[in-house]
Amino acid sequence: MPLVSASPFPVLAFPRAGRTASPAPDPDRILLSPPHLTGGELASLQATLAAGWVAPAGPVPAAFEAAVAKVTGFPHVLAVASGTAALHLGYRILGLTAGDEVWTATLTYVATIAPAVQMGARPRFLDVAADSWTLDPELLERELTRAARRGRLPRAVVPVDIFGQSCDLDAIRGLCDRWGVPVLCDSAEALGAMRRGRHAGLGARLAAFSFNGNKIVTTGGGGALASEDAGLIAEARHLATQAKEPAPHYQHETTGFSYGLSSILAAVGLAQLGVLPARVAARRAIFEAYVAGLGDLPGIGFMPEPAWSRSTRWLSVVTLDPRRGGPDREAARRALAEAGIEARPVWKPLHLQPVFRGAPQAGGAVAAGLFEHGLCLPSGSGLSPAEQGRVIATLRRLWPG
Ligand SMILES: *Cc1c(COP(=O)(O)O)cnc(C)c1O
């Protein structure tokens, strides 16, 4: 490649990803959810670069948006630089202003609410249902009824599709419609997930997806905002490209963002999206292998999948109850770490995060219990049976006998 040999910077001299992570290089290290390349990325990149496309504009991001629309069923999609950027645009489109309340599930990653807080919103954290680990519709109904009575409805409700499982968006949407509260669904972890035959996020006013390196498919870093409302996505597109009015000198009636997804990353994403069904099947098979390999152990449980849900099992999550004879979550996590295996606690609920101390909440005990007992196990779609066998064997040694 002439571009490489002409450069004084040796781009081919990097160590292989995931093989030299600190503290010590370990060729056998097993990661939680590393990127899984298809082999088609290079051809896609070469075609894109050969045609001269690099910027966050033109036919490559457009083709990526069309591909996201196809796999999700959303008619209108905007590709952006990250899932967090998609959420930020979503909050802006919903007209969030300082002092507004935003309600979200407490069991989530901080990115769900960070942009809203940065816009001056006041977050309120609602517990999740034990049967899905997603926003509890019964609790939401109680809280919306109470808020309506006090005349203090939230500006938006933001349910989260967690670990590859859709929330019960049909119930949530029905409740929010009753009081005219818009739903922005954080579907960052749920590309490929279904509920009642529809894709995760579909039915919300807006849904945000992520293509970060750890997600089920990746652009390297990227996201998408999706809607069934063409006007909302057109407005988001305007804001994502610095809100330039059509004038040769760029006229501005508001300020926007530089949030577009570059053609280079979109090219990677096009190759990745093509294998999404295979990635879902692989992650689900990994979950089933954990159930088969660990399910007999006392005190172990697995993330539930309600009848209405078809999870991608983006992450395989177990719960550990040491009162029934096995290890607790931290003992298991540490034993795995010592064996060179990355595992992580379930998301620390936002109502327990120091940064949100004092924020109002509704319930929280279910999420707190999942944080105490829940452990995410290596779930990458490239995980080999031998590697998964190592994870299972390492865990099994923690039970007596
Ligand atoms: C990954 C993730 C995001 C953010 O996506 P980025 O692309 O990393 O910005 C938001 N919410 C949840 C629940 C996520 O898991």
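Indexing begins at 1, ligand by ligand and atom by atom, following the structure's order. Computed from a predicted structure; not experimentally measured.
The protein atom (non-hydrogen) at minimum distance from atom 5 (O) of ligand 1 is Ser210 OG, 3.3 Å. Of all protein heavy atoms, the one closest to atom 11 (N) of ligand 1 is Asp186 OD2, 2.8 Å. For atom 13 (C) of ligand 1, the closest heavy atom belonging to the protein is Glu189 OE2, 3.3 Å. Protein heavy atom in closest approach to atom 3 (C) of ligand 1: Ala188 CB, 3.6 Å. At the shortest separation from atom 8 (O) of ligand 1 among protein heavy atoms lies Asn212 ND2, 3.5 Å. The protein non-hydrogen atom at the shortest distance from atom 4 (C) of ligand 1 is Thr84 OG1, 3.6 Å.
Side-chain contact check for Arg283 and Ser33: at least one donor-acceptor pair (N or O, by modelled atom type) lies under 3.5 Å. Looking at His199 and Thr72, their side chains never bring a donor and an acceptor atom within 3.5 Å of each other.
Remark: ligand 1 atoms within the under-4.0 Å shell around heavy atoms of Thr108 are 13 (C). Of all the atoms in ligand 1, the ones that sit under 4.0 Å from a non-hydrogen atom of Lys215 are 1 (C), 2 (C), 14 (C), 15 (O). Close contacts of ligand 1 with Ala111, meaning ligand atoms under 4.0 Å from a residue heavy atom, involve 3 (C), 4 (C), 10 (C).
For residues 338-359, every residue pair satisfying the salt bridge (charged side-chain N to carboxylate O under 4.0 Å, His left out) rule, not counting sequence neighbours, is listed here: Glu342-Arg344. Legend: ring-ring contact (aromatic ring centres under 6.0 Å, His included) pairs involving residues 97-155, not counting sequence neighbours, sorted by first then second residue: Tyr109-Trp347, Phe125-Phe356.
The number of heavy-atom neighbours closer than 6.0 Å to CZ of Arg310, taken from other residues, nucleotides and ligands shown, is 12 or below. Around NZ of Lys70, the count of heavy atoms belonging to other residues, nucleotides or ligands within 6.0 Å does not exceed 12.
Cation-pi check for Arg155 over Tyr91 is not met; the charged atom does not lie both under 6.0 angstrom from the ring centroid and within 45 degrees of its normal.
Here the shortest heavy-atom distance to atom 6 (P) of ligand 1, taken over Gly83, Ala105, Ala85, Ala208, belongs to Gly83.
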Subject >> Steps toward salt bridge (charged side-chain N to carboxylate O under 4.0 Å, His left out) verdict (Glu288, Arg313) >> reply: CA-CA 10 Å; Glu288 290 309 325; Arg313 301 295 187 183; 5.5 Å; no
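Under a 4.0 Å heavy-atom criterion, Gly222 is in contact with ligand 1.
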